[in-house]
Every structure is written in structure tokens, then in C-alpha cells.
There are 2 protein chains.
Amino acid sequence: MASYTTVALKAELNERGWRLTPQRETILQVFQNLPKGNHLSAEDLYNHLSGEGENISLSTIYRTLKLMARMGILRELELAEGHKHYELNQPHPHHHHHLICVRCNKTIEFKNDTILKTGTKTAQKEGYHLLDCQLTIHAICPACQRSLLPL
Amino acid sequence: MASYTTVALKAELNERGWRLTPQRETILQVFQNLPKGNHLSAEDLYNHLSGEGENISLSTIYRTLKLMARMGILRELELAEGHKHYELNQPHPHHHHHLICVRCNKTIEFKNDTILKTGTKTAQKEGYHLLDCQLTIHAICPACQRSLLPL
DNA sequence: CTCTTTAATGAGAATCATACACAATCAATT
DNA sequence: AATTGATTGTGTATGATTCTCATTAAAGAG
Ligand SMILES: [Mn+2]
Ligand SMILES: [Mn+2]
Ligand SMILES: [Zn+2]
Ligand SMILES: [Zn+2]
């Protein structure tokens, strides 16, 4: 679960002259305790925290999500139109990809070891420092195929 | 080049009770004539067309891009923060993926036959109708690694 | 070709996710 | 305990995308 400790986060932040704040620690913990297959938008996270009595401003939420994605701690996902979703960026055995229905946004996660290898190799070949590697499949789910609704 | 003819577009549209308009035809042609490796945002497309004397409204541009992505004619790409980019969705020998620097948005295209096979198989297994399948690698390019700028 | 139906367009206003500005706070370091 | 500048919260701004609605014009029928 807690593949990423508070201590490790603090170390990585301080190394760059940044700081570990209670807000950042709390947000990381939310993602670490998030059930498998869940993905949170900025607003989802804000509401989740508010429900727990944790009052972290939306600005800080947005800043933290972006920061952690840039650090490679979180993955930024485009699972629906209009807003991003986030989840922990986990290594090998937990690393996965997403099959998304473009009409109803139903999302299925699936694993494939080859893809991560391909991503790692490709980044390395170009001298890029890998942060995340995700296969996104856009498709229409069985239910939506049957539906007569347009688009 | 013109893997997708105007006639085919018209047939596919009419089949669903929709119409082939001069605007839709023009927009498809722009993408078909776009040099390899180019990606257009809605505004890019709008400016490109304006430059050619083609005056298609931004509303229509947005509607058409979304429509064609939903039809599987265009791919919707997240190559930069804040707005989408589009390119033709081409089959096998031209199908490719993207390695993106999250700091400067420099993008490199690369090919990998296995990924498309994986995507096709995964969609099929779940009964989804495949529209697009793209591996997105988020990373930091060599230049940005050297840069001292934050984030 | 003409007529009818209704999808599509253009112009502008509305939305809403996200970024920004800035004064107050507080984490890190000495 | 004092210093320094990164971070936060509040409110405001931005900007990509969508919506509204009157007008236009494809598609299909006759
Ligand atoms: Mn996931
Ligand atoms: Mn491309
Ligand atoms: Zn669906
Ligand atoms: Zn870069």
C-alpha cells in the first residue's frame, strides 16, 4: 500500500528546496488509501477531504495534484471530458492502463507488462526521464453501442 | 494519403442521419494534407483555415473535431496543458504513439506494432468497439532536465 | 427541379476547470 | 529564537469549450 512514505516525500521535496506541508502529506495519504480502481478529480478530492473535516483549499488541491504529477508520484488521467483524474503512479505489479467508453466514460483497468517496458525503453532511447506511461484505449462500450442516442 | 475519401465520410454520416457539409469536408481535408508529425488544436485549425480564406466558425470547428473523434476519424491527443490536439487516426503502418516532455511539451512520435494489437485485443475481449489506442509517455526531455527552472 | 424536414452553422453569451495575485502563514535551516 | 522564502487561502481572472437560438441548407421524397 504505502509504497511512498511521508519521509520519502519530504526528502524528495527538500532536495529541490521545497517543503513538506500537512496539506501535501494529507493528499498523498488520500491517494494511498484509495481503493484500487478509483480515480479522483480535483473536485472529488476536495469533497472527499471536506467530508473528513480536512479543509484544504481548492487552489492548494490543484497545485498539489500538478506538483505530484510532475514529480511522478501521481498519474494524470484523461478519463472524461472536461477534467482530469488522478491516481497513484505505482510501479510494476500494480502498473495498469485504461479502456474508456467515450460516451458514458465507463472505465476498465487492465495490465500489460510489455507496455511499461516499451515506454521505459523509448524514453531511455531519447534521453527522457520517464514519469508515467499509459495506454489509453478510447472505445464504445457494449451498452452504449446498443443505445440509440446520438454521438 | 487520402485514406478517407469525402464519399466515405458522406456515407458514414448519412448512415446515422447526419449530413456532409462543406465545413466538414474542408476540415477533413486539412488533416489529410497535414504534414506527418503535425497536430492541430481547435484554434490552430481555425487560424489555418482563416489563412486560407476559409471562414468556418470556432463553434463549428469544436463541434466537428469532437464529432470526428467520436467517429474514430480523428484522434484526440493531450499533448499540452490546457487544450487538446488532433490528428488523423490512421491504421497500421502509420499508427503511432507519443513521448511528451511535461515541461516544454516537446513531442516525439514513435511506432510499436505490439501496442495496437494489445489495444485491439483488449477492446475486443470486453466487447468494446475500438476507436483509438494511444500510448502516452510523460517524461522530461534532456534539455529540461538540465534546466534549473522549477517544476 | 421543388418542397419538406430537420441537421448544421455562425455569433455571441455562458460555463467551468484551472490558474493567478497577494497578503498572511509557517517549514526549513542557522 | 530568528530568518527566509516557499506555501497557503481567498478572491478574482483566464481561457478552452459548450450552449442558445435564429438562420441556413443537406437529404430525401415526389
Ligand atoms: Mn487506474
Ligand atoms: Mn502524432
Ligand atoms: Zn458506454
Ligand atoms: Zn522539455
Side-chain angles (χ1 to χ4, degrees), chain A residues 6-7 9-28 39-47 49-50 54-71 74 76-86 102 105 148-151, chain B residues 6-7 9-28 39-47 49-50 53-71 74 76-86 102-103 105 148-151:
Chain A
T6 296
V7 174
L9 176 62
K10 176 169 160 52
E12 205 164 320
L13 287 167
N14 291 347
E15 190 180 329
R16 312 189 195 197
W18 300 339
R19 298 172 184 175
L20 177 66
T21 62
Q23 290 88 341
R24 289 174 177 174
E25 189 176 345
T26 300
I27 289 172
L28 177 59
H39 308 98
L40 299 181
S41 66
E43 191 142 5
D44 289 339
L45 178 56
Y46 180 75
N47 292 333
L49 288 167
S50 297
E54 291 278 357
N55 287 93
I56 300 181
S57 75
L58 247 189
S59 278
T60 296
I61 302 256
Y62 275 106
R63 283 185 289 233
T64 304
L65 289 174
K66 188 171 196 171
L67 176 77
M68 291 185 174
R70 295 290 180 98
M71 290 174 76
L74 296 180
E76 204 168 62
L77 310 171
E78 302 287 340
L79 302 179
E81 295 286 303
H83 57 276
K84 292 171 179 139
H85 282 89
Y86 296 82
V102 298
N105 295 325
L148 297 173
L149 296 171
L151 250 181
Chain B
T6 296
V7 173
L9 176 61
K10 176 168 160 54
E12 205 164 320
L13 286 167
N14 291 347
E15 191 180 329
R16 311 189 196 198
W18 301 338
R19 299 171 184 176
L20 176 64
T21 64
Q23 291 88 342
R24 288 173 177 175
E25 191 177 342
T26 300
I27 289 172
L28 177 59
H39 309 97
L40 299 181
S41 66
E43 191 142 4
D44 290 339
L45 178 56
Y46 180 75
N47 292 332
L49 288 167
S50 298
E54 292 278 358
N55 287 93
I56 300 181
S57 76
L58 249 188
S59 282
T60 297
I61 302 256
Y62 275 106
R63 282 186 291 234
T64 305
L65 290 173
K66 190 170 195 171
L67 176 76
M68 292 186 174
R70 295 290 180 99
M71 292 175 74
L74 296 180
E76 204 168 63
L77 310 171
E78 303 286 340
L79 302 179
E81 294 286 304
H83 58 276
K84 292 171 181 139
H85 282 89
Y86 295 83
V102 299
R103 293 197 191 167
N105 295 324
L148 297 172
L149 297 170
L151 251 180

B/Leu67: which of B/Leu74, B/Leu13, B/Ile27 passes side chain to side chain contact (heavy atoms under 4.5 Å, CB included): B/Leu13
- line: On DNA chain D, more 5' by nearest nucleotide between B/Glu43 and A/Ser59 is A/Ser59
task: With DNA chain C as reference, determine whether B/Glu81 or B/Leu67 sits nearer its 5' end, using the nearest nucleotide of each.
output: B/Leu67
message: Whole angstroms only, please: what is the OH-C1' distance between B/Tyr46 and C/dG12?
response: 12 Å
- prompt: Looking only at side-chain N and O atoms, does B/Gln23 come under 4.0 Å of OP1 or OP2 in C/dG10?
  reply: yes
- prompt: What nucleic acid atoms does A/Arg24 come within less than 4.0 Å of, heavy atoms only: base, sugar-phosphate, or nothing?
  reply: sugar-phosphate
message: Could you tell me how far apart B/Lys84 (NZ) and C/dA17 (P) are, to the nearest whole angstrom?
response: 13 Å
message: Quick one, A/Thr60 and A/Arg63 - any side-chain contact, counting heavy atoms below 4.5 Å?
response: yes
Interatomic distance, B/Arg63 CZ vs C/dT9 C1' [rounded to whole Å]: 6 Å
Of the listed nucleotides D/dT17, C/dT18, D/dT10, the one nearest the side chain of A/Ala42: C/dT18
statement: Closest to the 5' end of DNA chain C, once B/Ser57 and B/Gly17 are matched to their nearest nucleotides, is B/Gly17
- prompt: Tell me: CG of B/Leu13 to P of D/dA25, nearest whole Å?
  reply: 18 Å
task: May I have the distance from A/Asn55 (atom CG) to D/dT8 (atom P), rounded to whole angstrom?
output: 15 Å
statement: Among the nucleotides C/dA19, D/dT17, C/dT9, whichever has the atom closest to the side chain of A/Tyr62 is C/dA19
message: What is the distance, to the nearest angstrom, from the CD atom on B/Glu78 to the C1' atom on C/dT18?
response: 14 Å
- prompt: Which atom names give the shortest non-hydrogen contact between A/His39 and A/Asp44, and what distance separates them?
  reply: O-OD2, 3.9 Å
query: Side chains of A/Tyr86 and A/Glu76: closer than 4.5 Å at any heavy-atom pair?
result: yes
Nucleotides 26-30 of chain C: which of its N/O atoms have a protein N/O under 3.5 Å away?
from   : atom 1 : to      : atom 2 : distance (Å)
C/dA27 : O3'    : A/Leu20 : O      : 3.2
C/dA27 : N3     : A/Arg19 : NH1    : 3.2
C/dA28 : OP1    : A/Lys10 : NZ     : 3.1
C/dA28 : OP1    : A/Leu20 : N      : 3.1

message: Rounded to whole Å, how long is the line connecting atom NE2 of B/His83 with atom C1' of D/dG15?
response: 11 Å
task: Check the distance between D/dA26's C1' and B/Arg16's CZ and give it to me in whole angstrom.
output: 18 Å
message: Side chains of B/Glu78 and A/Lys84, heavy atoms from C-beta outward: is any pair under 4.5 Å?
response: no
message: Is it the case that the side chain of A/Arg24 and the backbone of A/Met68 share a donor-acceptor pair, with hydrogens and angles ignored and the cut-off at 3.5 Å?
response: no
- request: May I ask you to test the B/Leu28-B/Thr6 pair for a side-chain heavy-atom distance under 4.5 Å?
  value: no
